[in-house]
Amino acid sequence: MSKTATIAIDDKTIDLPVIVGTENEVAIDIQKLRDLTGAITLDPGYKNSGSCKSAITFLDGEEGILRYRGYSIEDLAEKSNFLEVAYLVIFGELPSTKQIETFEADIRKYTLVNEEMKGIIDGFPKHAHPMGILASLTCALTAFNPKVVDVEKEGDMYEAVCKIMGKFLVVATWAYRKTQGFPLNYYDNTLPYVDNFLQLMFKLPTGPYKINPVVLNAIDKLFILHADHEQNCSTSTVRMVGSAHAGLFASISAGVSALWGPLHGGANQAVLEMLEEIQKDGGDADKYLAKAKDKNDPFRLMGFGHRVYKNFDPRARIIKKAADEVLAELGVNDPILKIAKDLEEMALKDEYFVARNLYPNVDFYSGIIYRALGIPTEMFTVMFAIGRLPGWVAQWKEMRENKEPIGRPRQVYVGEPLRPFKEMSNR
Ligand code: SDX
């Protein structure tokens, strides 16, 4: 591979360094481009632009490969658990028994959320979307945890990681409890992390709550599959906000807002709403496939397509298999699962989708499992956020530890040239 890229513009020809990553990804380092040529690059949506070097997640969109810190998503989903994967993603290595026990014990030091936070929740209307509540509560945590993280101090960073892991899970479930008019539950420090998610969500003061191991295992696996995904929209947002040295809670809150978008994490809710609409409309998948292909119709096949994967999203494969298993184990016969499978089968044979490399992504099947597990549709993206938290934290930590500069893209101005002020009488 050449060590430089030559760029000729006007009467200038320059050589720019070429960087090759661990998995042979190639990048032209353009940090000196403007100084040497006066020109910048333009890349709306950053389809061709790398924002950073990162050692956390590797994905290959053409081959459908996803690895966290070098471990395949297939291995981690099958052999690990969410808290272990969170430790791996954030600290770089799979933990020993002692390390994971210490991590869980340290998280438990911060699982009590300040009671005054309940006053903030009281201010929301019952119909408020849980993602809006979660973004607000996450930022509000700053008010009760004002200490600025000194990333140079390992203990400071570690404490901040444990704090956000403990408190985010609690406030995420409070967003649901608020919309149901249920009392807010507390984290139970005698229970494991993902068991706590279930009791925080569903335990009622009127009786005991029994955790279903099938549900627990499925939720744990789904959180693993969402833990990180390199420089996606919400993670890039967390890095951008953090690059201004805004706090960790504020940066994560910004990530929650970005994830809410239906083109990103909000797609899992949009998929279910789409499948329910198709079901209500007689289950005619053909009709909706045609709508998705019609340029005059804004309808898109939610859960299909991906900025990077031009092959099956490996997570979708795992979730689809889990959906079959979980629904069978729970004895759930959900007709929309059949609609989803019909849609997938037809799209994978359809020229429009094949030509554009549009395959099911992580959001296509996750909602079907969440629904079977009793998670309400409006909470699907909150589930995504809980799973993605370790990735956001890891990427924020890496960006700060690498002392990356504040993010500030350039632009090409296409507005009015200089013009004289126009008096009111002339307007
Ligand atoms: C996530 O980045 C990540 O890693 C994200 C994520 C993560 O883990 O963080 O993986 C999670 O966000 C998954 C994606 C969830 N979103 C959806 O399922 C929404 C539906 N998908 C699309 O909106 C779309 O595919 C995107 C947003 C995911 C990707 O869009 P791109 O890369 O900007 O591609 P594009 O919009 O330029 O589409 C290319 C072509 C266009 O047609 P042409 O103009 O070439 O004729 O494909 C078409 C698009 O119209 N197209 C679709 C389509 N997705 C793309 N047509 C119909 N249905 C779709 N879903």
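Note that ligands are numbered from 1 as they come in the structure, with each ligand's atoms numbered from 1 the same way. Computed from a predicted structure; not experimentally measured. By convention here, the first residue in the shown sequence is residue 1.
Per-residue contacts place A267 under 4.0 angstrom from the following atoms of ligand 1 (heavy atoms of the residue considered): 15 (C), 16 (N), 17 (C), 18 (O). The ligand atoms of ligand 1 that sit less than 4.0 angstrom from a heavy atom of G303 are 17 (C), 18 (O). Per-residue contacts place N232 under 4.0 angstrom from the following atoms of ligand 1 (heavy atoms of the residue considered): 2 (O), 3 (C), 4 (O), 5 (C), 9 (O). Heavy-atom contacts of R388 reach the following atoms of ligand 1: 7 (C), 8 (O), 9 (O) (cutoff under 4.0 Å). Close approach of ligand 1 to H306 is summarised as follows: ligand atoms under 4.0 Å from at least one heavy atom of the residue are 2 (O), 3 (C), 4 (O), 5 (C), 6 (C), 10 (O), 13 (C), 25 (O), 28 (C).
Taking the six-membered ring wherever Trp is involved, the centroid distance between the rings of F299 and Y288 falls below 6.0 Å. Residues H264 and H229 keep their aromatic ring centres 6.0 Å or farther apart.
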Enumerate, atom names and distances included, each donor-acceptor pair closer than 3.5 Å involving a side-chain atom of residues 369-386, sequence neighbours excluded.
residue : atom : partner : partner atom : Å
R371    : NE   : D334    : OD2          : 3.0
R371    : NH1  : E276    : OE2          : 2.7
R371    : NH2  : D334    : OD1          : 2.9
R371    : NH2  : D334    : OD2          : 3.1
T381    : OG1  : G265    : O            : 3.3
T381    : OG1  : N268    : OD1          : 3.1

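Using a 3.5 Å distance cut-off with no hydrogens or angles, the side chains of S96 and Q99 do pair a donor with an acceptor. The closest side-chain donor-acceptor pair between N185 and Q199, if any, does not fall under 3.5 angstrom.
Annotation: atom 48 (C) of ligand 1 to nearest protein heavy atom, Y352 OH, 3.5 Å. At the top of the distance list for atom 58 (N) of ligand 1, counting protein heavy atoms only, stands L301 N, 3.1 Å. From the protein, the heavy atom lying nearest to atom 57 (C) of ligand 1 is A292 O, 3.6 Å. Nearest protein neighbour of atom 29 (C) of ligand 1, counting heavy atoms only, is R307 N, 3.8 Å. The closest protein non-hydrogen atom to atom 34 (O) of ligand 1 is K47 NZ, 4.2 Å. The protein heavy atom nearest to atom 55 (C) of ligand 1 is L358 CD2, 3.6 Å. When hydrogens are left out, the protein atom nearest atom 42 (O) of ligand 1 is K295 NZ, 3.1 Å; that is the closest non-hydrogen contact. Considering only non-hydrogen protein atoms, atom 20 (C) of ligand 1 sits nearest to F304 O, 3.4 Å.
Listed by first then second residue, pairs satisfying ring pair (Phe, Tyr, Trp, His ring centres under 6.0 Å) with a partner in residues 134-159 read F91-Y158, not counting sequence neighbours.
Note on ring orientation: taking the six-membered ring where Trp is involved, the planes of Y176 and F182 are perpendicular (angle over 60°, cut-offs 30° and 60°).
Only the side chain of F384 comes within 4.0 Å of ligand 1, judged by heavy-atom distances. Contacts with ligand 1 closer than 4.0 Å are made by side-chain heavy atoms of N361 only, the backbone lying farther away.
Distances from atom 49 (C) of ligand 1 to the heavy atoms of H264, K291, R300, R356 show the closest one on R300. When the heavy-atom distances from atom 4 (O) of ligand 1 to M302, R315, H229 are ranked, the shortest goes to H229.
Protein non-hydrogen atoms do reach within 4.0 Å of atom 14 (C) of ligand 1. Less than 4.0 angstrom separates atom 39 (C) of ligand 1 from none of the non-hydrogen atoms of the protein.
Classification of D106 and K109 as a salt-bridged pair holds, one side-chain N sitting under 4.0 Å from a carboxylate O. A salt bridge links D150 and K153; the closest N-O separation between the charged side-chain nitrogens and carboxylate oxygens is under 4.0 Å. Between K203 and D188 no salt bridge is recorded (no basic side-chain N to carboxylate O distance below 4.0 Å).
Judged by the 6.0 Å distance and 45° axis criteria, R356 is not positioned over the aromatic ring of F353.
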Begin with the C-alpha distance, continue with both residues' side-chain angles, and end with the deciding distance and a verdict on side-chain contact (heavy atoms from CB on, under 4.5 Å) for L330 and N212. CA-CA 10 Å; L330 295 175; N212 178 328; 3.5 Å; yes
